Amino acid sequence: MSELTRLIREIIETEGPISVERYMSLALGHPVHGYYMTRDPLGAEGDFTTSPEISQMFGELIGLWSAQLWTAMGAPKVLRLIELGPGRGVLIQDFLRAARVVGPFHAALDVHLVETSGVLAGAQRARLEHDGVPVTWHRGLDTVPEGPAIIIANEFFDALPVRHYVRARDGWRERMVGLDARGGFVFKPGAVPETGLTTPADEGEILEIAAQSQQVMAAIGARLAAQGGAALIIDYGHLETSFGETLQAMRGHAFADPLRDPGEADITAHVDFAALARAAQASGAQTFGPVTQGEFLLRLGVVERAEALMRRASPAQSAEIEAALVRLVSTQEEVVLAAGKVKGMGGLFKALGVARHGLPQPAGFQEEPEAL
Ligand code: SAH
C-alpha cells in the first residue's frame with residue numbers, strides 16, 4: 001500500500017469522506033508523497049507524453065507565435081514570458097531557440113516558470129541554465145513581477161483538481177471519496193444537499209466543476225487586462241460545459257483507476273474550455289477560439305516546419321518527424337504509419353487564446369488557414 005493511501009485513509013477515518021477536489025489535490029500535490037512531488041512523470045519511461053516532448057516543432061511554433069504577438073503589443077522592452085507547469089522545460093527551450101531568429105524579441109524575454117514540483121523545477125533548471133536568458137521560478141502566478149506578459153500553459157489546467165457534484169433525489173450533493181467495508185476508496189454522495197446548486201438534472205447525473213482552474217484563469221485574465229499581453233492555453237478537453245465526469249488516471253501510458261494507489265498515477269480531468277473562456281471574459285480579457293490543436297498548428301505552418309526539418313534529416317529521422325507531425329495534428333484516434341500506430345492529438349486537444357482588449361486576433365485563431 002502506498003504511503004499516501006495510508007495517509008488519505010487516516011484522514012477519512014478521522015474526518016469522514018473528503019471531496020474529490022481534496023482527494024485529487026492530495027494525490028497530485030501532497031508536499032511529500034504527491035505524484036508530481038516524487039518523480040518526473042513524463043516521457044517513455046514515465047506515465048504520459050506531451051506535445052513538446054513529441055516534437056521540437058511545438059515549442060518552436062509557439063515561440064514564433066509569441067514573437068508576432070510581441071510586435072502587435074508594440075514590442076515592449078521587457079516581456080514577462082510566463083509558463084505554467086513547464087514539465088521538463090522542453091517547450092520553453094524550443095521556444096527560446098526559435099525566438100533567437102527575432103533578435104529584439106529574444107532580448108526582451110524575462111522568463112518566469114510557475115512550478116510546484118521540486119523534481120521538475122530541477123529538470124527545468126538543468127535544461128535552461130546555459131541558454132543565457134534570465135529565468136525565475138515561482139509557486140504561483142501572484143509572485144511574477146508586473147508588466148506586459150505572454151503566458152503559456154500546455155497540459156497544465158488538466159492537472160488542477162476538480163469538484164464533483166452528483167444529483168440525488170432531493171437535489172445536488174458534493175461527490176466525496178469515502179471508504180468501503182474493506183478499506184478501499186469509493187465515491188459517495190455528501191451528507192447534505194448543496195443549496196446553492198439548482199441546475200435541473202436527472203437523478204445520478206454528475207457535474208464536474210474546475211473551480212481552481214477558473215480561479216487561475218480569472219487571475220490570468222485580470223493580469224492581462226491590467227498590464228497587457230496574451231495567453232495561450234492548450235489542453236485536452238471539451239468545447240461545451242455538460243453533465244458527466246472526466247476524471248482519469250494514467251500509469252505507464254495506460255488508463256488506471258483514479259481511486260487506486262493515489263500518488264502513483266497521474267490523475268487529470270478534461271478541461272472545460274467554455275468555462276475557462278467565461279472566466280477569462282468575466283475578468284476583463286477577450287478570448288479567441290478554442291480551435292483544435294490540429295487546426296492551430298496547421299495554421300502556424302507546422303507542415304512547412306516539418307518539411308524543413310526533413311530536408312536535413314536521415315530517412316529514419318524523417319520517419320520520426322512525420323510520425324510526430326501526425327501525432328500532433330491528426331484528429332483520428334489511431335493512425336497507421338509505416339513506423340507503427342500513433343494516436344492523433346489534433347482533435348481532442350484545443351487551443352484557447354486570451355488577450356487584453358485591443359490586441360488583434362493572434363495567429364492560429366483565424367477562420368481561414370494562413371501560414372505564419
Ligand atoms: N507543460 C509540460 C508538463 C505538463 S505536466 C508539458 O507539456 O510537457 C503538468 C505540469 O504542471 C507539471 O510540470 C506539474 O508539476 C505542474 N503542476 C501541476 N500542478 C501545479 C500547480 N498547482 N501549480 C504549478 N504547477 C503545477
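We count ligands from 1, going down the list as the structure has it; atoms in each ligand are counted the same way. All values below were derived from every heavy atom in this structure, side-chain atoms included, with hydrogens, water molecules and symmetry-related copies excluded. Everything numeric here is computed off the predicted structure, so don't read it as measured data.
Residue Gly87 has at least one heavy-atom neighbour below 4.0 Å for each of these atoms of ligand 1: 2 (C), 3 (C), 13 (O). Every atom of ligand 1 is numbered from 1 in the order shown, and the set under 4.0 Å from a heavy atom of Pro52 is 6 (C), 7 (O), 8 (O). Under a 4.0 Å criterion applied to the non-hydrogen atoms of Ser117, ligand 1 contributes the atoms 15 (O).
Note: Phe365 and Trp65 have perpendicular aromatic rings, judged against thresholds of 30 and 60 degrees for the angle between ring planes. The aromatic rings of Phe105 and Trp70 are tilted relative to each other, their planes meeting at an angle between 30° and 60°. Note on ring orientation: taking the six-membered ring where Trp is involved, the planes of His112 and His138 are tilted (angle from 30° to 60°).
Looking at Arg278 and Thr241, their side chains do bring a donor and an acceptor atom within 3.5 Å of each other.
Ionic pairing of Glu264 and Arg39 is present here: one or more N-O contacts between side-chain nitrogen and carboxylate oxygen are shorter than 4.0 angstrom. Glu194 has no carboxylate O lying under 4.0 Å from a charged side-chain N of Arg163, or vice versa, which leaves the two without a salt bridge.
At a threshold of 4.5 Å between non-hydrogen side-chain atoms, the residues Ile92 and Pro52 do not count as touching.
With respect to atom 7 (O) of ligand 1, the closest heavy atom belonging to the protein is Asn154 ND2, 2.8 Å. The nearest heavy-atom contact from the protein to atom 21 (C) of ligand 1 is Thr116 OG1, 3.6 Å. Closest protein heavy atom to atom 9 (C) of ligand 1: Glu155 O, 3.4 Å. Nearest protein heavy-atom contact of atom 16 (C) of ligand 1 is Glu115 OE2, 3.5 Å.
With a 4.0 Å heavy-atom cut-off, ligand 1 is reached by the side chain of Leu160 but not by its N, CA, C or O. If you look at Thr50 next to ligand 1, the close heavy atoms, those under 4.0 Å, all belong to the side chain.
Across every non-hydrogen atom of Ala225 and Ala285, the tightest pair is CB-N, 4.5 Å.
Checked by distance only, ligand 1 and Glu53 stay at 3.5 Å or farther apart across all their nitrogen or oxygen atoms. Between Leu120 and ligand 1, no pair of N/O atoms sits closer than 3.5 Å. Distances between N or O atoms of Gly85 and those of ligand 1 include at least one value under 3.5 Å.
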